[in-house]
Amino acid sequence: MADDETDIADLMEEVLRQDGFQDIRKAYNGADAVNICREFQPDAVILDIMLPDIDGLEVCRQIREFSYCSILFLSSKNDDVDKILGLASGGDDYITKPFSPREVVFRVKAQLRRQRYQASPAQDTGSVLTAGPLSLDKESGRVLRQERLAEINFDSTEEKRRRPHSGYPALTARC
């Protein structure tokens, strides 16, 4: 958590702890935020843009040089340009102040869930290939999502009609 407003940093720490997060580090300026991230390698960072020494955009760029952790901006800057700059600098989400602390917690959880899926390598056990919640039975061609049969439709003609320049065929799954 990096925010120069101690009230916000303390509030977010309390709400995160209530939700089961344990190892929470706080920084009140950009240099400390980068150093804490380098030393402790967090899974997620909540980052204000307007920090007293280095702005949050630069902090994000510096963190991206050594980490792929989720970075969620929490900022009073709410113009579209600011949001775009935050995401373009390497941020994964952008939340504007005033904000709901519970919403921030659930956005952090969503980022961590995505990390888990991306980090779990596909497992090939012979006839079944598993990646995250999906399993493919190579012999029958059936796809399961969390052990429930998923209906897969593949229609390249329909997709070309809807998105002629995409180059991708339509692939939809319904469980």
Report yes if the side chains of Glu65 and Arg61 come closer than 4.5 Å at any heavy-atom pair, otherwise no.
no
Looking at side-chain heavy atoms only, is the closest gap between Thr96 and Lys83 below 4.5 Å?
yes
With sequence neighbours excluded, residues passing side chain to side chain contact (heavy atoms under 4.5 Å, CB included) with Pro98
none
Which residues satisfy the side chain to side chain contact (heavy atoms under 4.5 Å, CB included) test with Gln22, sequence neighbours excluded?
none
Hey, is [X] close enough to [Y] for a salt bridge, meaning N to O under 4.0 Å?
X     : Y     : answer
Arg17 : Glu14 : no
Lys97 : Asp3  : yes
Lys26 : Asp10 : yes

Consider only side-chain N and O atoms of Glu58 and Gln62, and report whether a donor and an acceptor are under 3.5 Å apart.
yes
What heavy-atom pair brings Leu47 and Gly56 nearest, and what distance separates the two atoms?
CD2-O, 3.4 Å
Return the set of residues passing side chain to side chain donor-acceptor pair (under 3.5 Å) with Asp23 (not counting sequence neighbours), or none when no residue passes.
Arg25
Is the NZ or CZ atom of Lys109 both under 6.0 Å from the centre of the six-membered ring of Phe106 and within 45° of that ring's axis?
yes
Strictly distance-based, threshold 3.5 Å: is any side-chain N or O of Asn29 a donor or acceptor partner for the main-chain N or O of Asp32?
yes
Please check if the side chain of Gln115 supplies one atom and the backbone of Asp43 the other of a donor-acceptor pair under 3.5 Å.
yes
